[in-house]
Each structure stands twice: as structure tokens, then as C-alpha cells.
Amino acid sequence: MLGYALPFAIACFALALLLNLWRLATAPTVLDRILVVDTMVINMLALIVLYGAQSRSAISMDIGMLFAMTGYFGTVAFCKFYLRGRIVE
Amino acid sequence: MRRLFPHPLLSFMLFIGWLLLANSANLNNLILATLLAILVPLATQPWWPGRPRIHSMRLIGYVIFVLGDILCANVEIAAIILFMPARKIASVWITVPVDLPDPEAMALLAATITLTPGTLTAEFSTDNKALLVHVLHTRNPDAVRDAIKSRYESRLKRIFM
Amino acid sequence: MNVVIDLVISGVLAVGGLFGLIGSFGMLKLREPMQRLHAPTEATTVGVGAILIAATVIGWQNGIANWHGVLITIFLLVTAPMSALMLAKAHRHLAQPKLPDTGTDAQWASDPPPRDDSD
């Protein structure tokens with residue numbers, strides 16, 4: 001069963017990334033673009049972790065952790081910059 | 001004991017967090033985790049006055065309760081996204097009056113509201129007595145407000161004594 | 001026993017993938033910016049949470065015990081409300097939507113301060 005479920009989940013998240021890209025290209029406001037990039041980071045994280053499960057490597061979880069952190073700080077920094085015009089106050 | 005561990009829950013989280021991060025529980029990491037669990041709360045104690053008293057067992061029960069709620073609400077929101085025509089989705093802003101004593105409890109309530117799909121905390125009032133919540137789809141805003149108050153706030157009141 | 005675990009993990013993986021997809025689809029479908037903010041919450045909590053837990057269990061089965069999946073799940077659950085709050089504040093700044101009253105004497109935290117006419 002796992003042989004079917006893993007590729008299915010990978011396909012789902014790959015499709016989700018494509019939808020995100022489409023949204024990124026057609027986003028009406030700056031805010032939507034920040035939101036889309038945030039979601040793309042999370043979808044990429046899922047893909048990295050799934051790839052790690054597929055290829056039986058232990059290192060992918062560590063990559064995923066770093067990815068989650070940089071994605072979160074990136075989103076907050078973007079919003080802060082947008083709100084205040086600077087990031088560090 | 002109270003002087004050695006000013007924040008028992010924080011110490012516990014640091015201990016577990018370090019072991020998870022180190023990915024092994026051999027003697028070196030156990031010693032290092034214990035040191036961190038003692039030193040970090042002691043060093044940061046002056047910057048966290050007026051710590052709340054927390055009922056730990058009820059907190060765990062609350063987390064499990066919220067996880068269950070997240071699962072149920074997810075299915076509802078997935079149905080709205082997939083099957084409801086976009087122009088029929090009625091989003092509203094609602095004000096939720098909150099009566100919680102600690103800022104920590106407010107933060108926990110706000111996080112709970114956001115994590116439950118369909119509702120999203122957007123703003124606090126300056127006196128910490130109200131939350132601004134955006135609801136994705138509802139016909140009855142008052143019912144959503146009452147649900148938040150009865151399901152989450154009443155439980156949080158019993159956790160933060 | 002192994003077959004049962006395999007089935008459960010497969011189900012969790014499928015559900016997680018579907019919810020991630022629905023979250024991204026929601027961002028395309030919903031019309032207002034504030035509504036779009038709701039969609040990724042779903043993808044983050046159930047979608048990626050399920051994937052991470054499933055991947056961790058698969059790692060254990062393969063003999064690669066890695067606890068970082070649990071850490072990532074906790075990290076995502078803790079930080080998702082914060083980024084959503086920041087995005088909502090930025091949206092308020094951008095679109096200036098009409099908001100309800102606070103119900104108390106105080107105002108919302110990022111309202112402009114009331115004008116002081118005394119000086």
C-alpha cells in the first residue's frame with residue numbers, strides 16, 4: 001500500500017505547488033504574494049520530507065526543519081517590512 | 001525546589017526539546033538537557049514576572065481536545081472550499097469579548113482560534129479584553145462567538161488558575 | 001501487524017496530501033484576500049502535520065529513528081497563528097476594512113492613536 005500512497009501524496013503536493021505558482025503569477029495584491037510564498041514553503045517542506053521517506057534518507061528531516069524556520073521568519077519579516085518600513089526596530 | 005525550577009513547565013519543555021533536537025538520549029545529551037532545563041529558566045526569570053499558575057494535566061487535555069476540533073473543522077472547511085460557490089461564502093468580522101486574566105492565556109486562545117480552520121484571530125484590543133476574529137463562512141455570527149467562549153475560553157479559565 | 005501499520009500510514013498520507021491540495025486550491029478559488037488567508041491554515045495543520053507524522057513512522061520502520069518530524073510539527077503548529085496574525089495586520093493596513101467595535105472603551109491594537117488636541 002505504501003508504494004501507492006507515497007507517490008500519491010507527492011503528486012498532491014506537487015500539484016499544490018503548481019497551483020501556488022499560478023496564484024503567485026495572478027495575485028492581485030502584495031499580501032497575496034506573501035501568503036502564497038508562505039504556503040509554498042510549507043508545501044516544499046512536505047515534499048522534502050516525503051522525498052526523504054521515499055529514498056530512506058534521515059537527513060531530509062533536518063533540511064525540513066531549517067526550511068520551516070526560514071520560511072516562518074521570512075513571512076514575519078515581509079509583513080513587518082510592509083507594515084513598518086523596516087524589520088529591526 | 002521552587003527556587004531551582006521557577007518555571008517547571010518551561011524546564012520540562014526545554015528538556016524534551018533538547019533531546020528531540022539532539023535526536024538521541026545518551027548520557028551526554030541527558031546531562032546537557034538537564035543543565036539547560038535548570039539554567040535557562042533561572043537566567044530568564046527576571047524578564048518574566050507575574051508568571052501564571054498552570055494546571056498541567058488540564059493543559060494536556062485541552063491540547064488533545066483542540067486537536068480533535070481541528071480535525072472536525074478541517075472537514076467542514078474542505079467541504080466549503082470544494083463545493084460552495086465562491087459568491088455564496090459569507091465572511092464576517094466578529095468581536096469576541098474575553099475575560100482572561102493572563103496575557104499567556106490570551107495568546108493561547110488566539111492561537112487556538114487561528115488553528116481551528118474557519119476562524120482567524122486578526123487583532124487584540126489594547127486592554128486585552130476583546131479579540132477580533134474573521135470567520136470564513138457563517139450565517140449566525142453570534143453562535144460562533146458563543147461557541148468560542150463556551151468551548152475554549154471556559155476551559156482556559158480552568159487551566160490558568 | 002505490519003500490514004495494519006502500513007494501511008494506517010497510507011491512509012494518513014493520502015488524507016494529508018488531499019488536504020494540502022485543498023488548501024492550495026482554496027487560495028485560487030476564494031475571492032477576498034481575508035478569505036484566502038483561511039485556506040493555508042488548513043493545509044498547514046492537517047495536511048503537513050499528517051505528512052510529517054507519517055514520514056516519521058516510516059523512518060522508524062526503516063530503522064532510521066529521527067525525532068525531528070515531531071519538532072517540525074510542533075514548530076509549525078506554534079508559528080502558524082503568528083504568521084496569520086501578521087498577515088491579517090498587514091491586510092488591515094492595506095485594505096482598511098470596516099471593523100466592528102471592540103465592545104469596550106479601548107480600541108484595536110493597531111488603530112491609529114486618538115488625536116490629542118491639548119497641545
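As a basis for the values below, the full set of heavy atoms in this structure was taken, side chains included, without hydrogen atoms, waters or symmetry mates. Just so we're on the same page: letters track the sequence lines, and every chain starts at 1.
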Quiz item: Quick one: which of A/Val36, A/Leu18, A/Leu15, A/Asn43 gives a side-chain contact (heavy atoms from CB on, under 4.5 Å) with C/Ser24?
Solution: A/Asn43
Quiz item: Do you know the tightest heavy-atom contact between A/Cys79 and C/Leu87?
Solution: SG-CD2, 3.6 Å
Quiz item: Looking at C/Leu18, C/Leu71, C/Leu85, which makes the most heavy-atom pairs under 4.5 Å with chain A?
Solution: C/Leu18
Quiz prompt | Top contributor to chain A interface from C/Ile58, C/Asn66, C/Val48, C/Leu28 [non-hydrogen pairs under 4.5 Å] | solution = C/Leu28
Quiz item: Are more than 12 heavy atoms from other residues, nucleotides or ligands located less than 6.0 Å from atom CG of A/Leu21?
Solution: yes
Quiz item: In Å, rounded to the nearest 0.5 Å, how long is the span from NZ of A/Lys80 to NZ of C/Lys89?
Solution: 10.0 Å
Quiz prompt | Nearest atoms (heavy-atom pairs only) where C/Leu21 meets A/Ala16 | solution = CD1-N, 3.6 Å
Quiz item: Given a strict heavy-atom distance threshold of 4.5 Å, which part of A/Phe8 is in contact with chain C: side chain, backbone, both, or neither?
Solution: side chain
Self-check item: Closest approach of C/Ala55 to A/Met61 (non-hydrogen atoms, all atoms of both residues)
Solution: CB-CE, 3.9 Å
Quiz prompt | Rounded distance [0.5 Å steps], CG in A/Leu24 versus CE in C/Met27 | solution = 9.0 Å
Quiz prompt | Close contacts, residues 66-74 of chain A versus chain C, judged by heavy atoms under 4.5 Å | solution = A/Ala68, A/Met69, A/Tyr72
Quiz prompt | Side chain, backbone, both or neither of C/Leu52 within contact of chain A (heavy atoms, under 4.5 Å) | solution = both
Exercise. Mind ranking A/Thr75, A/Ile42, A/Leu17, A/Thr29 by heavy-atom pairs under 4.5 Å with chain C and telling me who comes out on top?
Key: A/Ile42
Self-check item: Greatest number of heavy atom pairs closer than 4.5 Å to chain C - which of A/Ile34, A/Asp62, A/Val76
Solution: A/Asp62
Practice problem: Check for a donor-acceptor pair, side chain of A/Arg56 on one end and backbone N or O of C/Asn62 on the other, with a separation under 3.5 Å. | Solution: no
Quiz item: Between A/Asp38, A/Leu45, A/Ile10, which shows the greatest number of heavy-atom pairs under 4.5 Å with chain C?
Solution: A/Leu45
Exercise. Identify the heavy atoms of C/Pro40 and A/Leu35 that sit nearest to each other, and give their distance.
Key: CG-CD1, 3.8 Å
Quiz item: What distance do A/Tyr82 atom OH and C/Met86 atom CE have between them, rounded to the nearest 0.5 Å?
Solution: 13.0 Å
Practice problem: Please tell me if the side chains of C/Leu94 and A/Val30 come closer than 4.5 Å, counting only heavy atoms from C-beta onward. | Solution: no
Quiz prompt | Non-hydrogen atoms of A/Cys12 and C/Gly17 that approach each other most closely | solution = CB-O, 3.4 Å
Quiz item: When only pairs under 4.5 Å are counted, which of A/Ala53, A/Ser57, A/Ala11 shares the most heavy-atom pairs with chain C?
Solution: A/Ala53
Exercise. Please name the pair of heavy atoms, one in C/Ala90 and one in A/Leu83, separated by the smallest distance, quoted to 0.1 Å.
Key: CA-CD2, 3.9 Å
Exercise. Report yes if some heavy atom in the side chain of C/Arg31 is under 4.5 Å from a heavy atom in the side chain of A/Pro28; otherwise report no.
Key: no
Practice problem: Measure C/Leu13 against the heavy atoms of chain A and call it side chain, backbone, both or neither at under 4.5 Å. | Solution: both
Quiz item: Rounded to the nearest 0.5 Å, what separation is found between the CZ atom of C/Phe25 and the CH2 atom of A/Trp22?
Solution: 9.0 Å
